[in-house]
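To keep things clear, I will list the structure first and then write my remarks on it.
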2 protein chains.
Amino acid sequence: MATRRSGKSYHHGDLRAALIAAAETELIEKGVDAFSLRGAARRAGVSHAAPAHHFKDANALLDALAASGFERLTAAMRAEQVASEADKTAQLVAAGIGYVRFAETNRELLQLMFGMSRRTGDDPDLARHSEAAFSVLVNGVGNVRGRQAFASEEGWRDVAACWSMVHGYAQLAIAGKMEFVTGLAFDEQRSLIEDLMRRAMSERGA
Amino acid sequence: MATRRSGKSYHHGDLRAALIAAAETELIEKGVDAFSLRGAARRAGVSHAAPAHHFKDANALLDALAASGFERLTAAMRAEQVASEADKTAQLVAAGIGYVRFAETNRELLQLMFGMSRRTGDDPDLARHSEAAFSVLVNGVGNVRGRQAFASEEGWRDVAACWSMVHGYAQLAIAGKMEFVTGLAFDEQRSLIEDLMRRAMSERGA
DNA sequence: TTTGCCGTCTTTTCGGTGTCAAGATAGATT
DNA sequence: AATCTATCTTGACACCGAAAAGACGGCAAA
């Protein structure tokens with residue numbers, strides 16, 4: 001049998017991480033629907049019951065994958081921020097662009113992250129990384145409006161507007177429902193997203 | 001409920017419609033994940049292979065259900081519009097409120113409608129009703145900006161902004177991620193949504 | 001070093017699911 | 001009336017997630 005994979009030992013060593021990686025390719029290739037725990041196990045080269053020792057559930061594995069997704073989403077937003085101008089609003093816009101960019105290159109993953117599907121939701125890592133991503137947006141708003149904006153409801157409304165706008169656009173773009181407004185051109189979309197973000201902050205120039 | 005299946009005829013009569021109805025309660029009770037075609041068939045009081053003669057797929061059945069969802073979404077937006085003031089912007093806002101209201105009372109259904117999960121997507125009815133819902137928003141924007149706004153990209157950007165905002169808010173509210181901004185009070189949320197919609201149209205009063 | 005423990009992985013088994021194929025039924029057509 | 005055809009049932013298959021029980025092997029205590 002496949003007792004030893006490629007001459008290695010009976011025990012895997014770091015199966016947990018390997019399973020998360022395998023789950024991602026399984027997710028990408030098969031889609032959210034057809035994802036299967038057994039498939040992920042196959043990809044990792046272990047038996048179908050092996051994952052049970054690291055994740056109580058199929059959904060628990062996907063929780064961990066979603067947590068990794070939020071971690072990378074945060075990184076994507078920050079990366080776009082540091083590459084942008086120093087202007088505070090521009091930084092907030094950059095975070096939004098990073099958000100959309102990440103969404104478009106990780107469609108299945110984003111759907112997993114924000115859908116209520118296929119998840120338990122009680123993973124502490126997931127909550128932690130999810131809040132970290134959120135805080136990028138909150139900090140961006142805080143830099144523009146000033147910290148005292150969060151004393152009243154004002155600042156939180158700004159956050160709600162930015163998040164709703166960028167998340168809604170990302171979801172709709174992924175679903176292919178935004179083709180009526182802009183071509184596929186890189187800069188066109190960038191300027192559209194900037195427009196949308198500025199609207200959310202009530203800072204539209206024109 | 002099971003129209004006449006209690007000891008009655010071998011043929012059902014209107015199984016197609018009965019299956020769609022059964023699928024909705026199955027969807028609501030079991031959730032998107034645990035939805036099963038066999039479960040829907042059971043609810044309709046029919047054998048597990050019966051649906052195959054009306055829907056080629058489990059996903060095709062869910063397509064039909066999603067189509068019905070878009071039909072009712074359109075109706076919900078229109079209903080909220082006629083109940084609102086005559087002011088054009090207020091009408092657009094009302095459509096947005098109808099959208100969110102529908103989303104919150106039909107969570108599972110909305111996720112089905114807008115997720116790329118569990119669906120084939122090539123149902124013509126689905127496309128038709130989906131476009132009808134979209135056109136409510138487009139008409140609302142047209143009434144505010146004037147028809148000529150759609151000659152340039154201007155009007156379409158307004159549509160993109162409104163749709164992204166309202167859809168994003170609905171999705172996030174459903175996922176329980178909007179609790180930081182407003183209580184559960186009815187009027188508070190209403191005023192928040194109005195604020196968001198006006199931002200999307202760059203018409204914020206304050 | 002030897003012994004025994006115990007976490008890791010495998011095998012087996014179970015109920016459930018979607019889909020296909022073949023048979024039963026009844027309404028419609030000729 | 002005889003036949004046709006859409007509809008529904010039964011049965012089978014492969015796959016899935018989960019749980020139970022056994023095989024393996026690292027590791028600490030003796």
Side-chain angles (χ1 to χ4, degrees), chain A residues 1-23 25-27 29-65 112 117-123, chain B residues 2-23 25-27 29-65 112 117-120 122-123:
Chain A
M1 300 302 294
T3 28
R4 49 191 57 188
R5 296 157 312 284
S6 63
K8 292 295 289 182
S9 66
Y10 184 91
H11 289 358
H12 183 286
D14 191 11
L15 183 54
R16 192 193 142 87
L19 278 172
I20 295 179
T25 77
E26 169 87 359
L27 180 72
E29 286 186 14
K30 298 290 189 62
V32 186
D33 308 342
F35 175 91
S36 90
L37 180 61
R38 286 167 111 106
R42 263 192 301 270
R43 273 175 218 274
V46 295
S47 88
H48 58 87
H53 294 270
H54 298 273
F55 305 96
K56 83 173 220 295
D57 227 17
N59 293 347
L61 169 56
L62 290 173
D63 271 358
L65 177 55
L112 175 71
S117 187
R118 287 282 210 168
R119 302 241 316 286
T120 68
D122 50 348
D123 184 329
Chain B
T3 47
R4 39 208 289 257
R5 296 257 346 111
S6 42
K8 281 303 290 179
S9 69
Y10 187 88
H11 287 2
H12 182 285
D14 191 10
L15 184 55
R16 194 191 140 89
L19 277 173
I20 296 180
T25 77
E26 170 87 359
L27 180 72
E29 285 186 16
K30 298 289 188 63
V32 186
D33 307 341
F35 175 92
S36 90
L37 181 61
R38 285 168 113 107
R42 264 192 300 271
R43 270 175 219 273
V46 99
S47 89
H48 60 90
H53 295 267
H54 297 274
F55 304 97
K56 83 172 222 293
D57 226 18
N59 292 349
L61 169 56
L62 290 173
D63 271 358
L65 178 55
L112 175 71
S117 185
R118 288 283 212 166
R119 302 242 316 285
T120 67
D122 50 348
D123 185 328

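The chains referred to below are lettered A, B, ... by the order of the sequence lines, with proteins before strands, and numbering in each begins at 1.
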**OP:** Measure the distance from CG on A:L15 to C1' on D:dG26 and round it to the nearest whole Å.
**Re:** 16 Å
Original post:
Taking CG from A:D33 and C1' from D:dC15, how many angstroms apart are they, rounded to a whole number?
Top reply: 16 Å
Original post:
What's the CG-P distance between B:L19 and D:dT9, to the nearest Å?
Top reply: 10 Å
**OP:** Using a heavy-atom cut-off of under 4.0 Å over every strand shown, decide if A:A50 touches base, sugar-phosphate, or nothing.
**Re:** base
Original post:
CG of A:L61 versus C1' of D:dA18: gap in Å, rounded?
Top reply: 15 Å
Subject >> Rounded interatomic separation in angstrom, taking CZ from B:F55 and C1' from D:dC8 >> reply: 15 Å
**OP:** Look at the side chain of B:R38 against the base of C:dG16 and say whether a donor-acceptor pair falls under 3.5 Å; ignore hydrogens and angles.
**Re:** no
Subject >> Whole-Å distance separating the CG atom of A:N59 from the P atom of D:dC16 >> reply: 16 Å
Original post:
Can you tell me how far P of D:dC16 sits from CZ of A:R118, to the nearest Å?
Top reply: 11 Å
**OP:** Taking only the side-chain nitrogens and oxygens of A:R42, find out if one of them lies under 4.0 Å from OP1 or OP2 of D:dC16.
**Re:** yes
Original post:
Counting any heavy atom closer than 4.0 Å, what does A:S47 reach on the DNA or RNA strands: base, sugar-phosphate only, or nothing?
Top reply: base
Original post:
Side-chain contact, heavy-atom cut-off 4.5 Å: A:L65 with A:F55?
Top reply: no
Original post:
Between C:dA21, D:dA18, D:dC8, which nucleotide has the shortest distance from any of its atoms to the side chain of B:H54?
Top reply: D:dC8
Original post:
With sugar-phosphate meaning primed atoms plus P, OP1 and OP2, does B:A58 contact a base, only sugar-phosphate, or nothing at under 4.0 Å between heavy atoms?
Top reply: sugar-phosphate
Original post:
Atom CG of B:L37 to atom P of D:dC8: distance rounded to whole Å?
Top reply: 14 Å
**OP:** Would you mind telling me which of D:dC8, D:dC16, C:dT17 lies closest to the side-chain atoms of B:H53?
**Re:** D:dC8
**OP:** Among the candidates D:dA18, D:dC8, C:dT19, find the nucleotide nearest to the side-chain atoms of B:V46.
**Re:** D:dC8
Subject >> Among C:dT8, D:dA18, C:dT19, the nucleotide that comes nearest once only the side chain of A:D57 is considered >> reply: D:dA18
**OP:** Classify the nucleic acid contact of A:H48 as base, sugar-phosphate or nothing, counting any heavy atom under 4.0 Å across all strands shown.
**Re:** base
Original post:
Nearest heavy-atom pair of A:R42 and A:S36: which atoms, and what distance?
Top reply: NH2-OG, 4.4 Å
Original post:
When we call it a touch if two heavy atoms are under 4.0 Å apart, what does B:R16 touch: a base, just sugar-phosphate, or nothing?
Top reply: nothing
Subject >> A:R119 versus A:L62, closest heavy-atom pair with distance >> reply: CD-O, 4.2 Å
Original post:
Which heavy atom in B:A44 sits nearest to a heavy atom in B:A18, and how many Å separate them?
Top reply: CB-O, 4.5 Å
**OP:** Assess the side chains of A:T120 and A:D63: does a donor N or O sit below 3.5 Å from an acceptor N or O?
**Re:** yes
